[in-house]
Amino acid sequence: MQLRIRGSSTANALTPRAHHIHSHSHSHSLSLSLSHPHSPPQWFSILRHAIEASDLPLGKRAHARILTSGHHPERFLTNNLITMYAKCGSLSSARKLFDATPHDARDLVTWNAILAAYAQADNPYDGLHLFRLLRHSALSTTRHTLAPVLKMCLLSGSSFASASLHGYALKIGLLWDVFVAGALVNIYSKFGRIREARLLFDGMAVRDVVLWNLMMKAYVDTCLEHEALLLFSEFHRTGLRPDDVTLRTLARVGMSRNTAFESQLKQLRAYATKLFIRNGDDSDVIAWNKTLSRCLQRGEAWEAVNCFRDMIKSSVACDSLTFVVMLSVVASLNCLELGKQIHGAVMRRELDQVVSVGNSLINMYVKAGSVSRARSVFGQMNEVDLISWNTMISGSALNGLEECSIGFFVDLLRDGLLPDQFTIASVLRACSSLEQGCHLATQIHTYAMKAGVVLDSFVSTTLIDVYSKSGRTEEAEVLFVNQDDLASWNAMMHGYIMRDDFHKALRLYKILHESGERGDGITVANAAKAAGGLVGLEQGRQIHAVVVKRGFNLDLFVISGVLDMYLKCGEVESASRVFTEIPSPDDVAWTTMISGCVENGQEDHALSTYHQMRLSRVQPDEYTFATLVKACSLLTALEQGRQIHANIVKLNCAFDPFVMTSLVDMYAKCGNIEDARGLFRRMNTKRIASWNAMIVGLAQHGNAEEALQFFKDMKSRGVTPDRVTFIGVLSACSHSGLISEAYENFYSMQKNYGIEPGIEHYSCLVDALSRAGQLLEAEKVISSMPFEASASMYRTLLNACRVQVDKETGKRVAEKLLTLEPSDSAAYVLLSNVYAAANQWENVVSARNMMRKVNVKKDPGFSWVDLKNKVHLFVAGDRSHEETGLIYNKLEYVMKRIREEGYVPDTEFALVDVEEEDKECSLYYHSEKLAIAYGLIKTPPSTTLRVIKNLRVCGDCHSAIKYISKVFKREIVLRDANRFHHFGSGICSCGDYW
DNA sequence: ATAGGGTTAG
């Protein structure tokens, strides 16, 4: 029995010679176990049975009965129990038993057993630690100790540990053991240290076939074909008989392009084939299948293909398992042609009616992207099982055929089959990519409950994903409770991110961290995204550090997330640094970089990055183009836009609704309404955003009738307008003085479409009334709406008073505007213009004088600044900050300094020319000034300040910040609700257009 | 032989 244990653990460590060990050890095991004096023999046979069947519960029951039988298990039985736990996959129980065994009760076999357990469980670090403890004890070791230890060296990838083991083996005289030497040769060659392997090999006095094989394989693996051939000749001269491993190793010589040894290779192949036939008995189908599946497990797919070719050439008949394995190999290679060839081979051998083979064919075809071929295999099977159905369901979903996937699910139910967790998870996957899939998912949820698989972690994770995607976060949260599966955590994090709840997402990340779990690349990518959403640069940097430390920066998914985080924080330079360190960026990484430039107002940089992308021969996709077109639109760069358009057509992206919509928008914003119209007409799928771009574009160009015509067409085609549509419609009305239409739409929006008017809609209405001269009516609308009036509304109205020469209303409106915006020069300028139009020059002068006395007072709205990882938030006239005195003093000083430099609170030009953009202007101005003042106090000179504002920056603040950047020599990055503004040396990256 | 979570856009 003891030998059996050792034997099998050795077999695990030195896989190439597995068959040797089994044949040597078996006879000993029986005689020993039966003749052992102290333990009742039935325990051993039960334990052996548990090991063979991998039956952990049986083993545990046996252990329990041994304990309850009153006898403390002595050493021999304990060793067997440890082995049983190891073989049945419970490393923790094995270790518990080992720890419970007193030190003086442990013998070498105990140690070997626990070491073998760690080797088998692929847990090299803890196992190697145990080995260090063993070395400190007085026990002397044998090859059976070294075998698992060497395997763990291989697993741990530690060449240092292997070198020290080499020395240790030499010291205790075990290096001359072919088992030990073979393992070392194998390790050295796996670490690429082939010369050390050869040195060891050459030093061996006795070498067996396995050792030769290992050395030859080392050469073949490293493409040292000439050395492999030389070694083979040497081997041949020893007269040792080559085995099938030798032959298969040789068969791989010549796979590389190197043709220098063509004739030698031919000889070798002929020789190998002859030997294969002679070795017929050794190379039966089972051995071949074993080799194939070993290749599959190691991910060496092409090696498996080559091996399969050799197998076909030999006289061995492939069986169904051969094809199951090979089809799995091909599925991983995603190679349709090869798959078809193997399908042909299956048909010739009439194995297509074996269910497992049929299922493998289906799987291979769906993985290769051919659902139709999979379906035809499915249809031709006489007998199908649940796996066949599941593969069709998941395969259809995988290939974007969601309806088809759901169809299979329905058919399955109709056939009276009970879905299992695979079925449910697969069909839910289809729902999750379906736009209206949530309702369906709810139904499938009830099926999952009926089938009792809701607690399955795959099922619940997919449900969390589906519910999050459709905004039903609460339902997702319910499912997430008690989930201990990392994928669920990731899905939940992503769910929060999708609804912009970045705080909650980061909280999950923190909880995970604090519980000792580190998460994986996806976790960290999610965390980066959340940090980006919060513009939390410090947190983002920490996450970036984790990414680098754990090697996730090689994962394009993850590093693109980090890139995006920096860009969302306005850190274009950091992003560029990260980007240049990506070995070969893909389309997404490039697009992230380009879109980040656009978001940060560096449209030129975006376009030049695009040209680099073309040079690097990465194909842009529809995301890239949508972004680029936006850049052109912001730059009003019609020519560049046209060139990009040509690229879009050339690269077949002219069918994507996103791209086309942004093109329509670009042409319209660039003033080329004809091309916008033409493009729009030719669009196949017109989404709501496409219509909106057209309607808003036409309205902006004052082409109201046509805008309303488009609106009509849109409705008649069954497209439901949204709030953006009505902004376009109402602004179109206002531009053409269509008051009754404006009212009509304003009410129809609520009554027929259930859209509550926002402040933008009211703005349009007020604008329309003002322009039409209905000043009192406009005032009435303002006072009746459920919002605080915005300053821009009053400004519009005041301007209308000037045009209408209505100084009574004008005065009233100016007063209201001034209570809202005491420091807003616009009010004074407009008011003075009203008086000027009425020829009341004294009042003009007094209005101008009032303006000069302006002080900064109320400042609701909020802005925040992130200093030393703490967010400082400022709201209207905020005096709650602990350093408020300092801040206000600084601000006074700042305003004084910039006035000296020429700052005038706003300019007259900006005031009389009130355009659409101004309507969304912040109701509360100066929170950003407070934030900047605090930033100036708290950071050393020339540090870049980053301020974020919840609303759009207004003209006055914009102008002030330009001066601040000049006077105080600071880069100031302001992110407002709309875009980034990079201020420096008195100018802003937006070119004063936003 | 079958199932889950991730990066870019209007």
Side-chain angles (χ1 to χ4, degrees), chain A residues 320-321 323-325 327-328 331 354-364 366-367 385-395 397-398 420-429 432 453 456-466 468 483 485-495 497 519-529 532 552 555-565 567 586-596 598-599 620-630 633 653 656-666 687-690 692-693 724:
Chain A
S320 55
L321 187 63
F323 285 105
V324 168
V325 175
L327 286 165
S328 184
V354 179
V355 179
S356 62
V357 176
N359 290 344
S360 304
L361 278 167
I362 295 175
N363 182 45
M364 181 274 295
V366 294
K367 293 278 152 65
D385 61 8
L386 192 55
I387 294 178
S388 328
W389 284 98
N390 290 346
T391 314
M392 281 316 301
I393 292 168
S394 67
L398 183 74
D420 66 359
Q421 66 271 36
F422 288 83
T423 326
I424 301 285
S426 308
V427 73
L428 279 172
R429 180 96 202 81
S432 104
V453 296
D456 179 86
S457 66
F458 279 77
V459 171
S460 49
T461 300
T462 322
L463 276 169
I464 289 171
D465 180 51
V466 181
S468 303
Q483 283 293 325
D485 189 283
L486 185 59
S488 299
W489 282 74
N490 291 338
M492 200 62 235
M493 275 179 86
H494 191 235
I497 289 170
D520 60 6
I522 298 176
T523 321
V524 186
N526 275 327
K529 183 152 187 161
F552 295 140
D555 183 334
L556 277 170
F557 267 112
V558 177
I559 202 67
S560 296
V562 171
L563 201 57
D564 190 50
M565 177 278 296
L567 292 163
D586 64 352
D587 50 349
V588 175
W590 281 104
T591 306
T592 307
M593 199 59 219
I594 292 170
S595 97
V598 176
E599 287 297 311
D621 67 357
E622 57 272 28
Y623 284 79
T624 324
F625 285 128
T627 308
L628 282 167
V629 173
K630 183 182 173 186
S633 169
C653 287
D656 184 79
F658 274 70
V659 175
M660 294 316 279
T661 303
S662 54
L663 274 172
V664 167
D665 176 68
M666 187 271 293
R687 304 175 112 241
I688 177 68
S690 326
N692 290 349
V724 180

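Per chain, numbering begins at 1; letters A, B, ... match sequence-line order.
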Quick one: does A:Asp665's side chain have a donor or acceptor within less than 3.5 Å of a partner on A:Ala693's backbone?
no
May I ask you to say what A:Asp586 touches in the nucleic acid, namely base, sugar-phosphate or nothing, with a heavy-atom cut-off under 4.0 Å?
nothing
Just call it for A:Leu663: base, sugar-phosphate, or nothing, with non-hydrogen atoms closer than 4.0 Å on any strand.
nothing
Mind checking if A:Ser457 touches a base, just sugar-phosphate, or nothing, with heavy atoms under 4.0 Å?
base
Which residues pass the side-chain hydrogen bond (donor to acceptor under 3.5 Å, both in side chains) test with A:Asn390, sequence neighbours left out?
A:Asp420, A:Thr423
What's A:Ala689 touching, base or sugar-phosphate or nothing? Going by heavy atoms closer than 4.0 Å.
base
Does A:Asp520 reach the main-chain N or O of A:Thr523 with its side chain, forming a donor-acceptor pair under 3.5 Å?
yes
Chain A on DNA chain B: first and last contacting nucleotide, 5' to 3', under 4.0 Å to a heavy atom?
B:dA1 to B:dG10
Who pairs with A:Lys529 by salt bridge (charged side-chain N to carboxylate O under 4.0 Å, His left out), at least two apart in sequence or on another chain?
none
How would you label the contact of A:Asp520 with the nucleic acid (heavy atoms, under 4.0 Å): base, sugar-phosphate, or nothing?
base
Need one value for A:Arg687: base, sugar-phosphate or nothing, where a base atom within 4.0 Å counts as base even if backbone is also close, heavy atoms only.
base
Donor-acceptor pair, A:Thr627 side chain versus A:Tyr623 backbone, under 3.5 Å?
yes
Would you indicate what A:Val357 reaches in the nucleic acid, counting non-hydrogen atoms under 4.0 angstrom: base, sugar-phosphate, or nothing?
nothing
For A:Asp555, answer base if it contacts any base atom (sugar-phosphate contacts may also be present), sugar-phosphate if it contacts only those atoms, and nothing otherwise; contact means non-hydrogen atoms under 4.0 Å.
base
Remember a base hit wins even if backbone is also touched, and classify A:Asn363 as base, sugar-phosphate or nothing at under 4.0 Å, heavy atoms.
sugar-phosphate
Under 3.5 Å, is there a donor-acceptor pair between the side chain of A:Ser560 and the main chain of A:Phe557?
no
Which part of the nucleic acid, if any, lies within contact of A:Thr391, taking any heavy atom under 4.0 Å across all strands shown: a base, the sugar-phosphate backbone alone, or nothing?
sugar-phosphate
